[in-house]
Amino acid sequence: MKIGIVCYPTFGGSGVVATELGISLSHLGHEIHFITYKQPVRLSGLNQKVHFHEVFVPKYPLFHYQPYELALSSKLVDMVKLHDIELLHVHYAIPHAYAAYMAKQMLASENIHIPIVTTLHGTDITLVGNHPFYKPAVEFSINHSDAVTCVSQSLKEDTHELFSINKNIQVIPNFIDVNNHRSQFSDCDRGSIALESERIIAHVSNFRPVKRVGDVIQIFYRIQQSLSAKLMMIGDGPDRAFAEDLCQKLGITDQVIFFGNSNEVNRVLCFSDLFLLPSKTESFGLAALEAMLSETPVIASDQGGIPEVVEHGFSGFLAPVGDVDTMSQDALKILSDDSVLKQFKANALKAAQKFDIDRVVPFYEEAYKNAIQQISQSGR
Ligand code: GMT
């Protein structure tokens, strides 16, 4: 199949999932066209099967807001015609599903009929999408997609609760490339970052309020009162300065490293003993899954789709949002004893392996085939 993939090209989970999916589909022989405003961060090695088309929005003084959706839908129309793309898979409803719907209508006027598959990722539904300013357009674009998928059962329930959806929403969980990831590191070089006697704790996010980075710092603060440890903070965003200030106030700046947006997430996870994800909500928690594949157990909140990824008492522990005392006590249960830590590390890996890309990608292929078939049968 020739598939157009629309996504955010940034470090966020939806862009990562879209990119890894496209690469994996290309290995299965499909021709993939990424269409977005920048080359996705995880996309390298463009080749005959993997193409990138940049959406450019020329600046014009009249426009207070640059019309990205317009540029994207025009680009989609052009790319579908130029490369005979058979299906568009858009990740994140806003504004991608809306732009794809417009492209579909423009193409239909030229008798080119192409299905749209929309994947909902979380914040497009739970945080941004249901805002009254966007809701009618988001609901319309979901209902007018030819197939809709979402990344967890929890997100499916949230979508039905927040919107009037008349479409079947298929849950296709996020995934991870077990073989590729496991072959990346043989030596974790732990000594470059901490002493042998120190536990290493990690957090990866976009530092938005939903991630509750203050809780990350508070959990770490309590942990380091009982054992010697370092905290690796990877990512960047609005709450970074607040997190750095909090470290200063608590007198732990020497024990916390802020890496910013880094391409070395897997290197840091490789030598980490524990991952913290105390978010207000997560539709899935891809960062936790990536940690688990690096044999890093997870302490997280019990919200959204996280319990579908992290098994309480097996690959980590879950607690109510904001309960930093329970979270730090649970962390200490794992970190205080070498043999318990070893067991949780092994469990984390085992739990992550269930989400191997090879098990999940066939569900997308099937969804594409059905969508293409439906369009050709209905003749539209
Ligand atoms: O977490 C974010 O703020 C980024 C956001 C995104 O769109 O990349 O992440 C969402 O999608 C990821 C991939 O499906 C999920 O793993 C994250 O849980 C989800 N974030 C939230 O629901 C807050």
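For ligands, and for the atoms within them, numbers begin at 1 and follow the listed sequence.
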Sub-4.0 Å heavy-atom contact, His91 with ligand 1 = no
Does any N or O of ligand 1 fall below 3.5 Å from an N or O anywhere on [X], backbone included?
{"X": "Phe284", "value": "yes"}
{"X": "Thr126", "value": "no"}
{"X": "Val151", "value": "no"}
{"X": "Tyr92", "value": "no"}
{"X": "Gly13", "value": "yes"}
{"X": "Gly122", "value": "no"}

Closest protein heavy atom to [atom], given as residue, atom name and distance to 0.1 Å:
{"atom": "atom 5 (C) of ligand 1", "value": "Thr123 OG1, 4.0 Å"}
{"atom": "atom 14 (O) of ligand 1", "value": "His121 ND1, 2.7 Å"}
{"atom": "atom 1 (O) of ligand 1", "value": "Lys211 NZ, 2.6 Å"}

Would you mind telling me if ligand 1 is within reach of the side chain of Leu155, the backbone, both or neither, using heavy atoms under 4.0 Å?
-> neither
Residue part near ligand 1, for Thr281, under 4.0 Å between non-hydrogen atoms = backbone
Hey, what do you get for CG (Leu349) to OG (Ser294), rounding to the nearest 0.5 Å?
-> 9.0 Å
Going from CD on Glu290 to CG on Asn174, what distance comes out if it is rounded to the nearest 0.5 angstrom?
-> 9.5 Å
Will you find, in the side chains of His91 and His96, an N or O donor that is under 3.5 Å from an N or O acceptor?
-> no
Decide whether Thr119 and His121 meet the rule of one side-chain donor and one side-chain acceptor closer than 3.5 Å.
-> no
Considering only heavy atoms of [X], which atoms of ligand 1 have at least one such atom less than 4.0 Å away?
{"X": "Glu282", "answer": "17 (C), 18 (O), 19 (C), 20 (N), 21 (C), 22 (O), 23 (C)"}
{"X": "Ser283", "answer": "15 (C), 17 (C), 18 (O), 19 (C), 21 (C), 22 (O)"}
{"X": "Asn174", "answer": "13 (C), 14 (O), 16 (O)"}

Using a strict 4.0 Å threshold on nitrogen-to-oxygen distance, state whether Arg199 and Asp338 make a salt bridge.
-> yes
Does Glu31 come within less than 4.0 Å of Lys49, counting only side-chain N to carboxylate O?
-> no
From atom 3 (O) of ligand 1, work out which of Ile94, Asn206, Leu286 has a heavy atom at the shortest distance.
-> Asn206
Would you say Tyr37 has more than 12 foreign heavy atoms packed within less than 6.0 Å of its OH?
-> yes
Determine, using ring centers only, whether Phe363 and Tyr368 are less than 6.0 Å apart.
-> no
Pair Phe63 + Tyr60: ring centers closer than 6.0 Å = yes
Does any non-hydrogen side-chain atom of Phe175 lie less than 4.5 Å from one of Arg359?
-> no
